[in-house]
**Q** 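Have a look at the structure that comes next, please.
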Amino acid sequence: MRGIITGKRIAAWLLTLVLTLGMLAGCGGRDDAGAGTEGGGTDSAAGDETAQGEAQGTAMGRYVEKETDLGGNTLTDWNGRVFQMADGSLLLSDNSGFVLRSRDNGASWSREELPWLTKMKEDNKYIYTMAFGSDQTAAVIWTEPEEGTEDSGGGVQMKMDFQITLVKPDNTEIPVVMKLEAEDVMPNSVSFSEQGRIIVSTIGSNLYEVTTDGSMEKFLYIDDGGPSLVRFHGNIMIMDGWGWDEPLLYDMEEKSYIEDEVLAEFVKENYDGRECNPGDSYELFLVSGDDDSIYLAGQTGVYRHVLGGTVMEQVMDGSLSILGNPTCKVMDMLVADNNEFVMLFAGEKMARFVYDPNVPSRPDEKLTVWSLEDEAVLRQAISEYQKSNPAVYVEYEIGLEGNSMTREDAIKNLNTRTMAGKGPDVFVLDNMPMDSYIEKGILLDMAPLLDGMSGEEAVFPNVVDAFRKDGHVYTVPCEMQLPYVLGRNSDINKMTDMSTVADVMEDMRENNQGADLLRVSSPKGMMRVFSMASVPAWQTEEGTLDKETVSDFLTQAKRMYDVQMGRWTVSLRRRFGSGRARRRFIRNT
């Protein structure tokens with residue numbers, strides 16, 4: 001069955017930062033800020049530099065990102081995990097069916113040959129996720145493909161009958177006797193505590209404990225939905241979930257919850273409304289650290305907190321690391337020896353952070369970037385620029401941060417600073433009086449630098465020329481969206497406007513009751529995708545709103561949404577029945 005797929009190709013430039021990079025090459029540029037001796041050691045020259053920096057009043061020392069060698073292996077962007085072994089080595093599991101080991105604190109990795117894993121792959125088992133205890137006991141959640149479902153592209157449909165197998169260090173396999181309640185649907189993740197206890201979470205609200213003989217019993221019911229993240233700190237189980245006000249701390253020995261007001265308030269203030277996508281990524285990740293503390297990692301950085309203590313100590317500034325990039329959300333994390341951090345990110349990337357005492361805690365050179373609202377593409381560009389230019393600190397200011405002022409107040413404040421010579425070095429002009437800034441000569445002419453770019457650095461000349469005035473270019477887009485429709489020629493040839501797109505979808509639905517036609521399943525998503533090509537028609541030649549055109553857009557978007565959602569209703573009812581189980585599945589996915 002084939003359907004319509006809509007999408008967009010984003011050219012995420014932040015050309016103003018790229019241009020600034022060229023202008024600051026003399027004072028910033030790329031350097032090896034993290035090239036000091038690892039593990040905290042320094043040579044005499046580095047020690048002299050540190051002493052000199054401290055004598056001049058510059059605070060020294062911060063975490064820097066180090067390269068990791070994955071041995072030519074490509075990570076899967078789903079359910080990657082890292083584990084600390086009793087012998088000091090690290091294991092990295094990838095649900096595509098391989099395991100890597102590191103014996104140098106995450107600097108380099110090589111394939112670990114596991115006979116049981118090889119056999120599972122040969123037996124055509126699909127590994128949903130796996131976890132390791134410190135003695136290398138493994139717990140694997142797996143399933144098998146439905147017979148006869150392979151398509152021409154090699155894809156198959158998997159059974160929803162997920163199983164769990166324990167594998168001891170001597171390769172002995174022990175099947176787990178599944179005892180899930182109906183509303184839990186399927187096992188979602190499995191984790192080992194520091195004492196070797198095996199806890200399984202589900203799509204529902206129940207947690208289960210599995211013993212080494214393969215038996216399973218319900219361990220804990222969570223009142224407020226299902227936990228998406230489960231980690232351990234001694235006897236304490238750390239949990240976080242989608243839509244939760246705060247993480248939960250549960251004493252597994254005392255069988256009672258632990259209150260930590262400082263932790264709860266910090267999360268509410270900094271990570272309210274956070275997303276927790278099990279197996280994929282977390283906007284806030286919590287993990288055990290040393291004997292008495294846990295670590296929290298997110299876009300603002302890494303924080304250390306002693307449970308029951310009064311302080312949230314920032315140990316790594318997110319704005320000076322890849323954590324500040326909104327596209328790099330944490331998939332898994334552990335605290336390795338010497339308080340180094342090993343992190344897996346969504347996007348098939350691993351990072352390793354090592355403390356270097358010879359690097360200024362904050363670079364002396366500062367570049368200020370301003371935007372009216374918080375822009376994800378801007379944060380992404382800043383993160384990339386910061387990584388390439390560790391000697392320059394990029395400070396990001398948001399005019400409407402915290403909704404403390406109106407748009408007019410924010411612009412007035414910016415204008416006052418700018419006219420006094422205290423404005424930002426770079427600012428985004430979305431919803432700003434761009435023509436006024438050009439007339440007042442505030443903006444830099446970027447034409448000479450843009451026209452001098454070539455090869456992969458070159459930008460689309462037709463886009464640049466659209467903003468060229470009298471040979472000058474004062475502003476260019478940071479983002480481009482190019483809508484497209486993918487499907488059969490016979491279907492696409494019928495599509496000339498939104499009405500005919502809806503007609504084709506209705507015809508498709510008659511013959512494909514269970515198909516996902518559009519890959520978009522929310523009202524806002526439907527309107528967002530099709531508005532890219534429709535907005536130009538919403539304005540009359542006189543510059544007023546064309547109400548009839550907008551009304552037709554909403555009507556056709558509603559038609560397409562209704563047709564698309566017919567697929568979800570059929571599929572979910574067939575797979576999960578109705579009622580509470582289906583609602584939990586929708587919420588957790």
**Q** Could you go through residues 117-132 and list every donor-acceptor pair under 3.5 Å that involves a side-chain atom there, pairing it with any protein atom two or more places apart or in another chain?
**A**
unit_1 : atom_1 : unit_2 : atom_2 : d
T118   : OG1    : L114   : O      : 3.3
K119   : NZ     : D123   : OD2    : 3.0
Y128   : OH     : N188   : OD1    : 3.0

**Q** Any non-hydrogen side-chain atom of V529 less than 4.5 Å from a side-chain atom of M560?
**A** no

**Q** Please name the pair of heavy atoms, one in E283 and one in Y271, separated by the smallest distance, quoted to 0.1 Å.
**A** O-CE2, 3.5 Å

**Q** Within the 4.5 Å heavy-atom criterion, are V176 and V200 side-chain neighbours or not?
**A**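 The answer is no, as the side chains (C-beta and beyond) never meet within the 4.5 Å cut-off.
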
**Q** List for me each residue that meets salt bridge (Lys or Arg N to Asp or Glu O under 4.0 Å) alongside D497, sequence neighbours excluded, and say none if there are none.
**A** none

**Q** Does the pair L372 and R407 meet the rule for a side chain to side chain contact (heavy atoms under 4.5 Å, CB included), with working shown?
**A** CA-CA 8 Å; L372 189 62; R407 171 182 176 273; 3.8 Å; yes

**Q** Of all residues at least two apart in sequence or in a different chain, which pass the side-chain hydrogen bond (donor to acceptor under 3.5 Å, both in side chains) check with Y295?
**A** none

**Q** Identify the heavy atoms of A138 and W116 that sit nearest to each other, and give their distance.
**A**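 For A138 versus W116, the nearest heavy atoms are CB-CZ2, 3.7 Å.
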
**Q** Is the backbone of R528 close enough, under 3.5 Å, to the side chain of S531 for a donor and an acceptor to pair up by distance?
**A**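 Present.
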
**Q** Please name all residues satisfying side-chain hydrogen bond (donor to acceptor under 3.5 Å, both in side chains) with K218, sequence neighbours left out, ordered by chain then number.
**A**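 By the side-chain hydrogen bond (donor to acceptor under 3.5 Å, both in side chains) rule, K218 matches E181.
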
**Q** Quick one: do the W142 and T165 side chains pair a donor with an acceptor below 3.5 Å?
**A** yes

**Q** If you measure only the distance, is there a donor-acceptor pair under 3.5 Å linking the side chains of Y303 and N270?
**A**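 Looking only at side-chain atoms, N270 and Y303 do not form any donor-acceptor pair under 3.5 Å.
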
**Q** Of the non-hydrogen atoms in Y282 and S228, which two are nearest, and what is the gap between them?
**A** OH-O, 3.2 Å

**Q** Could you tell me whether the side chain of T143 and the main chain of K159 form a donor-acceptor pair under 3.5 Å?
**A** yes

**Q** As a quick check of understanding, evaluate side chain to side chain contact (heavy atoms under 4.5 Å, CB included) for R509 and Q564, giving each step before the final call.
**A** CA-CA 8 Å; R509 176 59 71 221; Q564 167 67 0; 4.3 Å; yes

**Q** Taking all heavy atoms of R81 and all of V190, pick out the closest pair and write down the distance.
**A** NH1-O, 3.3 Å

**Q** Which pairs with one or both residues in residues 91-100 pass salt bridge (charged side-chain N to carboxylate O under 4.0 Å, His left out), sequence neighbours excluded?
**A**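 Sorted pair list comes back empty.
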
**Q** Mind checking what makes side-chain hydrogen bond (donor to acceptor under 3.5 Å, both in side chains) contact with S371, not counting sequence neighbours?
**A**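 With neighbours one apart ignored, the set is Y396.
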
**Q** Decide, yes or no, whether a salt bridge links D332 with R231 under the criterion of side-chain N to carboxylate O below 4.0 Å.
**A**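 The answer is yes: the pair qualifies as a salt bridge.
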
**Q** Using the rule given for salt bridge (charged side-chain N to carboxylate O under 4.0 Å, His left out), can you reason through R559 versus D503, listing the C-alpha separation, both sets of side-chain angles and the distance that settles it, and then say yes or no?
**A** CA-CA 9 Å; R559 285 180 64 196; D503 291 341; 2.7 Å; yes

**Q** Okay, side chain of N325, backbone of I322: is any donor-acceptor separation there less than 3.5 Å?
**A** no

**Q** For V476 and L450: C-alpha separation, side-chain torsions, deciding distance, then whether side chain to side chain contact (heavy atoms under 4.5 Å, CB included) applies.
**A** CA-CA 10 Å; V476 286; L450 288 169; 3.9 Å; yes

**Q** Taking NZ, NE, NH1 and NH2 as the nitrogens, is one of them in R274 or D240 under 4.0 Å from a carboxylate oxygen of the other?
**A**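 A salt bridge links R274 with D240.
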
**Q** So that I can tick it off, tell me whether R379 and D374 are bridged by a salt bridge, with the cut-off set at under 4.0 angstrom between side-chain N and carboxylate O.
**A**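 Yes, D374 and R379 are salt-bridged.
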
